[in-house]
Number of protein chains: 2
Amino acid sequence: MPRELRTAISELALADRILPVAAAMFRRLGYARTSTRELANRLGIQTGSLYHYIRGKEDLLFQICSSALTHIEEAVRKATAGVPVERKLEVAIKRHLISALTDSDSHATMLMELRALSAERKAAVIRQRDQYEELIRTIIEESQAAGVVRADIEAKYLTLSLLNMLNWSIFWFDPDGPLTENELATVMTTVFLDGASAKRRGPASRLE
Amino acid sequence: MPRELRTAISELALADRILPVAAAMFRRLGYARTSTRELANRLGIQTGSLYHYIRGKEDLLFQICSSALTHIEEAVRKATAGVPVERKLEVAIKRHLISALTDSDSHATMLMELRALSAERKAAVIRQRDQYEELIRTIIEESQAAGVVRADIEAKYLTLSLLNMLNWSIFWFDPDGPLTENELATVMTTVFLDGASAKRRGPASRLE
DNA sequence: GTCTATACTTCGATAGAC
DNA sequence: GTCTATCGAAGTATAGAC
């Protein structure tokens, strides 16, 4: 989470601080090792008071996972609506990365702590995740049909390879580092679409 | 872990079953939620007996993380030694994927549960991980110097993008699914080197 | 080398006063 | 809406018999 957002949390009402603070702790320590005592402590209240806002610790995890997926799906869907097929995938990649890196505590938690949910809630989050994957896969299939993306690899594996590359970057991207989110998005768009090979490069590089 | 290996574990001596069984549980439940009681149960012994073999639960996590990295580094180093620079990166990608997918419980644990280690042991594993990353980055830098890999993106980011793509596949690759480890390695080599774009494809596709 | 028994800690959640 | 106090469950690890 960027610094401006981080400090802003301390000015929110208690009820609105719970989820982001929990997400930051889940990301850092993991769900299982994050105690409600320590969470309450960071919120400046006692453990008992926390249960005025939530029914159980698992509620927090579920809401974090679910809203992370809701937000990224909505962001990518809106950003790509009406975009011509030649540029749709690029736009989706950039929007995905921006969304995941901006809301990185929630996304990291969703990616790493999903298994801590109860069976039913885990299934619900996995359905959401599959639905988002389908959005990306559909964009790739449209791109293949339009001749923009290679068709000799199944859309399923192109989608998974792409999401691998994008999602894992949450765990090493440094918002205060040398690359902005936009620049990383450009790098990954270039790698995914044009490849790392030096051969057969066209004249219009994405990097210039 | 492939089925042949899975069944073979039950025929090992107790001392040799502890780490693989622990790795499978850590992967499935996470380190924090894996109890020594249940681990002992799966090994067919009592909790107390486990402490004849280990000094503490954390020992298991450390050994799993450390040996996963030792093995993959050795495998990639050996496989790429003496290979001409034009093919070195391809060989490294394939060997990395085969190693990670074969030893997937350990690798998944290393990737997801590292933060559960004590500060000193975590630092030691991170050093090992950085060293392995450096091996891959060096191969990419050599490839750039030889004109095989594009030089307009820093080797650092090419390395991270590649490792993102390769590592995360542990979490969805199905050894009993339609693709073999080798086929997935071919797909990812192609995506990473040639890109997903349909434009400017050369005549010698890796997929034929 | 494996067992039983248990000491000690920490946790999630609740009860009930204010 | 926040507090204090505490219950009951579960965990890691150890002690000591066999």
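Predicted model only: the values in this text are computed from it and were never measured. Proteins come first, then strands; the chains are lettered A, B, ... in the order of their sequence lines, and each starts at number 1.
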Notebook entry, point to check: How many Å lie between CD1 on A/I45 and C1' on D/dT4, as a whole number?
Noted result: 14 Å
Check: Where the side chain of A/R37 is defined as all heavy atoms beyond and including C-beta, which of D/dA13, C/dC11, C/dC3 is the nearest nucleotide?
Finding: C/dC11
Next item on the list: Could you state the atom-to-atom distance from NZ of A/K57 to P of D/dA9 in whole Å?
Entry: 19 Å
Check: Between B/Y132 and B/H96, is the gap from one ring center to the other below 6.0 Å?
Finding: yes
Checklist line | Phosphate contact (D/dT2 OP1 or OP2) by A/Y53 side-chain N/O below 4.0 Å | finding: yes
Next item on the list: In plain terms, say whether A/E133 and A/R137 are close enough for a salt bridge, that is, a side-chain N and a carboxylate O under 4.0 Å apart.
Entry: no
Notebook entry, point to check: Parallel, tilted or perpendicular: which fits the ring planes of B/F26 and B/Y31, with parallel below 30° and perpendicular above 60°?
Noted result: perpendicular
Next item on the list: Starting from P on C/dT2, measure out to CG on B/L39 and report it in whole angstrom.
Entry: 14 Å
Next item on the list: Calculate the interatomic distance between B/R55 atom CZ and D/dA13 atom P; express it in whole Å.
Entry: 11 Å
Margin query: Without decimals, in angstroms, what is the distance between A/L29 CG and C/dC11 C1'?
Written below: 14 Å
Check: Can you tell me if A/E181 and A/T102 form a side-chain donor-acceptor pair at under 3.5 Å?
Finding: no
Item checked: Closest to the B/S35 side chain, choosing from C/dG12, D/dT12, D/dT2 -> D/dT12
Next item on the list: Using atom CG of A/N41 as one end and atom C1' of C/dG12 as the other, report the distance to the nearest whole Å.
Entry: 16 Å
Checklist line | Heavy-atom check, side chain of A/S99 versus side chain of A/V76, under 4.5 Å | finding: no
Next item on the list: Provide, to the nearest angstrom, the distance between the CG atom belonging to B/L14 and the C1' atom belonging to C/dC3.
Entry: 14 Å
Notebook entry, point to check: Can you find a side chain N or O atom of A/S49 that sits less than 4.0 Å from OP1 or OP2 on D/dC3?
Noted result: yes
Next item on the list: Measure from CD1 on B/I54 to C1' on D/dA13 and round the result to the nearest Å.
Entry: 10 Å
Notebook entry, point to check: C/dG1, D/dT4, C/dC3: which one has an atom nearest the side-chain heavy atoms of B/H52?
Noted result: C/dG1
Item checked: Residue-phosphate contact under 4.0 Å: B/Y51 side-chain N/O, D/dA13 OP1/OP2 -> yes
Check: Is the shortest side-chain N/O distance from A/Q46 to OP1 or OP2 of D/dT2 below 4.0 Å?
Finding: no
